[in-house]
Colleague: 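I am attaching a structure below and will ask some questions about it afterwards.
First listed ligand is number 1; within each ligand, the first listed atom is number 1. Heavy-atom basis, side chains included; hydrogens, waters and symmetry copies ignored.
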Amino acid sequence: MQFADAKERVESLHQQLFEHNRRYHVLDDPIITDAEYDQLMRELIQLETEFPELQTADSPTQRVGAAPLPFFEKVEHTSQMLSLSNAFNKEDLIEFDQRIKKAMGLDQITYVCELKIDGLAVSIRFEDGVYTLGATRGDGQVGENITQNVKTIRSLPLKLADPISLEVRGEAYLPKKEFERINQKRAEVGESLFANPRNAAAGSLRQLDPKLAAERALDLFIYGMDGESSDGFTTHQETFRAISKLGLKVNAEWKVANSIDEVWSYIEHWQLERSNLGYEIDGIVVKVDDYAIRAELGFTAKSPRWAIAYKFPAEEAISILEDIELRVGRTGVITPTAILKPVVLAGTTVKRASLHNEDIIREKGLLLGDHVVVKKAGDIIPEVVKVITTERTGEEVAFHMPTHCPECQSELVRLEGEVALRCINPACAAQIKEGIIHFVSRGAMNMERLGEKVVIQLYEYKLISSIADLYYLKEEALLSLPRMGAKSVGNILNSIEKSKNNSLERLLFGLGIRFVGSKGAKMIAQHFETMDAIVQATEEDLLTIEEVGPKMAGSIVTYFEKPEVKALLDRLKQANVNMTYKGSKIVRVSESEHSFAGKVFVITGTLESMTRQEAAEKLEQLGAQVTNSVSKKTDFLLAGEKAGSKLTKAQTLGVSILDEEAFLAEIQ
Ligand code: IVH
């Protein structure tokens, strides 16, 4: 291709990729497939390789291209990045409103209410429409140059729809799902966990190597323009619309309010709804809409007089660490759980909180008997934040992790490079039970009617001791178990039978091979198509798959070399469990309809981690119906503690009973 033609094509590709990127990441409304997008991108990379002079800094290929930095350079902000003064109740807001009305001699002010995103403030500069700078807030005057890291944020256009120069301010944040994914990954390799999405976002933005930042899918909402850039606009609403038009992502939930009562309704609404957002918010920002009024009001040394941040009440409470309980997981990892003096937190009683691993106990300096601050992370899961050392009496005692497995008494080990203590006895009952629970779970073989409780019961009554045993269960044996009616037995056997037809990736994931998650299993199943081919695969074969790294490959080969695994697969085959890839998609909660959708629920008893109302709301969001009385039409009874007649009735009718733990596991 001639240079002139290449140049023209590169420009056209820039434009197309810019628009598709905006449709996908800003508008959430793509019009081409990922594969088509990749095709355009590949063509651009190809042309840039052939004609390196056509590769510009704003090229879509340049999001993650930069080399690691030795340190971050300082940047002076064009205008100071201020913070906001806070309001903690309605009175504070009324006072704010009255002060403004008085100063302006007006009896009504128009405000714009926005969500206060819990992330990090960033300043972003475009010159002639091209992204040139991303900076942290720093001390407000001077921040750090994090241009390369901000560039990895997909919703940030590297080029604006208009070739203008301006500086915008916004909040970079980590979506809740991404936060969970990162922590899950860190937990799997024994790295310490991020306490909240905000810390994780800060950690990502401060990576000196942009490749590491790019691995964390940060996102960005733009909430305003820097002083000079907003010249020419008369209201905040107008600015917001202009920002969106340029291709930048604005949070869509902003709303105009003409009184503090209207502001308060907005606050109340979001206080209830915040847990349903895909990102964390820590309050509501209220801003005067009219720029002329803003100019009159001006600033204090630290913050504008025309805006205020209402902070949601902290969902924290003080409790006492009464004990630390240990649970042996599927892979033998010992997880400590804090047993707390019951305390009411955001409307529910909290009695337990996961401590993840021994290092966290040490890092937080926890002693048994300590007064601790407890908070609800992600609105559901309780977490121990810190010790209140000033409350110590000297009676507190140190906690020591055991040297032996609390379940099978074999010696615990700490594998190289891992934080977690593990029981490595393959015959450990706790691990076997957890392994079977994983096998039947929704993400794996999806045996809907076989919950955790039933698995434990079957194991304890010695009807099963491995996953293969599930396929050899006899009706009579099941019927002989206590609290097991004919209907439940029918349902259980049906679920087991149905699972035999699952596509290979579910079985592969269900085996619980270390480092093989559902995504990895899917890629491997897709690639090799049969279990036999996977069993025979070498590490080298496995490494040809993009998702598979050396750790996973090594773990798979070692797993299939074990004679007991060969025997297990033989028994599964004999039971006619499908061992081929059928091309079906792995069902993930986020990607498809939840298995509770369309199901009829009744909730009874006291739940530990939430109110019945909250549980009902959660279920309704997932598409389930919640009714008051148990009947034949009821699919599930969610039974908390002290469940009474509804539980008895459900048992008589053979309605499936979910306890809180199983419920939480399903909805997470
Ligand atoms: S406006 C003059 N709007 O909250 C200050 N801030 O102290 C303009 N924040 O660190 C800030 N969401 O980064 C504004 N919708 C929003 C916001 C928001 C989050 C952060 C901001 C700053 C802090 C306020």
Colleague: Can you check whether P304 has an N/O within less than 3.5 Å of an N/O in ligand 1?
Modeller: no
Colleague: At under 4.0 Å between heavy atoms, which part of K116 makes contact with ligand 1: side chain, backbone, both or neither?
Modeller: both
Colleague: Taking non-hydrogen atoms only, is L84 closer than 4.0 angstrom to ligand 1 via side chain, backbone, both or neither?
Modeller: both
Colleague: Looking only at distances, can you tell me whether any N or O atom of V285, backbone or side chain, sits closer than 3.5 Å to an N or O atom of ligand 1?
Modeller: no
Colleague: Among all protein heavy atoms in this structure, tell me which lies nearest to atom 15 (N) of ligand 1, with the distance rounded to 0.1 Å.
Modeller: E114 OE1, 2.8 Å
Colleague: Would you call the rings of F596 and F663 parallel, tilted or perpendicular, taking 30° and 60° as the class edges?
Modeller: parallel
Colleague: Does a side chain donor of either E11 or Q15 reach within less than 3.5 Å of an acceptor in the other side chain?
Modeller: no
Colleague: Between T110 and N258, do the side chains contain an N or O donor and an N or O acceptor separated by less than 3.5 Å?
Modeller: yes
Colleague: If you measure only the distance, is there a donor-acceptor pair under 3.5 Å linking the side chains of Y24 and D34?
Modeller: no
Colleague: Establish, from distance only, whether the side-chain atoms of T33 and E36 form a donor-acceptor pair under 3.5 Å.
Modeller: yes
Colleague: Would Y223 count as a polar contact of ligand 1, with the cut-off being nitrogen or oxygen pairs under 3.5 Å?
Modeller: yes
Colleague: Please examine the side chains of I164 and L246, heavy atoms only from C-beta on, and report whether any two atoms are closer than 4.5 Å.
Modeller: yes
Colleague: What part of R169, side chain, backbone, both or neither, has a heavy atom within less than 4.0 angstrom of ligand 1?
Modeller: neither
Colleague: Below 4.0 Å, non-hydrogen atoms only: which portion of L115 touches ligand 1? Side chain, backbone, both or neither.
Modeller: backbone
Colleague: If we count only N and O atoms by modelled type, under 3.5 Å, do the side chains of D58 and T56 hold a donor and an acceptor together?
Modeller: yes
Colleague: Starting from atom 5 (C) of ligand 1, find the nearest protein heavy-atom neighbour and note its residue, name and distance.
Modeller: L82 O, 3.5 Å
Colleague: Which ligand 1 atoms, with their elements, are less than 4.0 angstrom from a heavy-atom of S83?
Modeller: 7 (O)
Colleague: Check whether any side-chain heavy atom of D290 lies under 4.5 Å from a side-chain heavy atom of W306, and answer yes or no.
Modeller: no
Colleague: Taking side chain as C-beta onward, heavy atoms only, is Y111 less than 4.5 Å from F96?
Modeller: yes
Colleague: Is there a polar contact between ligand 1 and E171, counting only N or O atoms under 3.5 Å apart?
Modeller: yes
Colleague: Atom 10 (O) of ligand 1: which protein heavy atom is closest, and how many Å away?
Modeller: A121 CB, 3.8 Å
Colleague: Does R137, backbone or side chain, put an N or O under 3.5 Å from an N or O of ligand 1?
Modeller: no
Colleague: Which label fits F240 and H236: parallel for a plane angle under 30°, tilted from 30 to 60°, or perpendicular past 60°?
Modeller: tilted
Colleague: Just to confirm my output: which protein heavy-atom neighbour is closest to atom 3 (N) of ligand 1, and how far is it?
Modeller: K287 NZ, 3.1 Å
Colleague: Looking only at protein heavy atoms, which one is nearest to atom 12 (N) of ligand 1, and how far off is it?
Modeller: I117 N, 3.1 Å
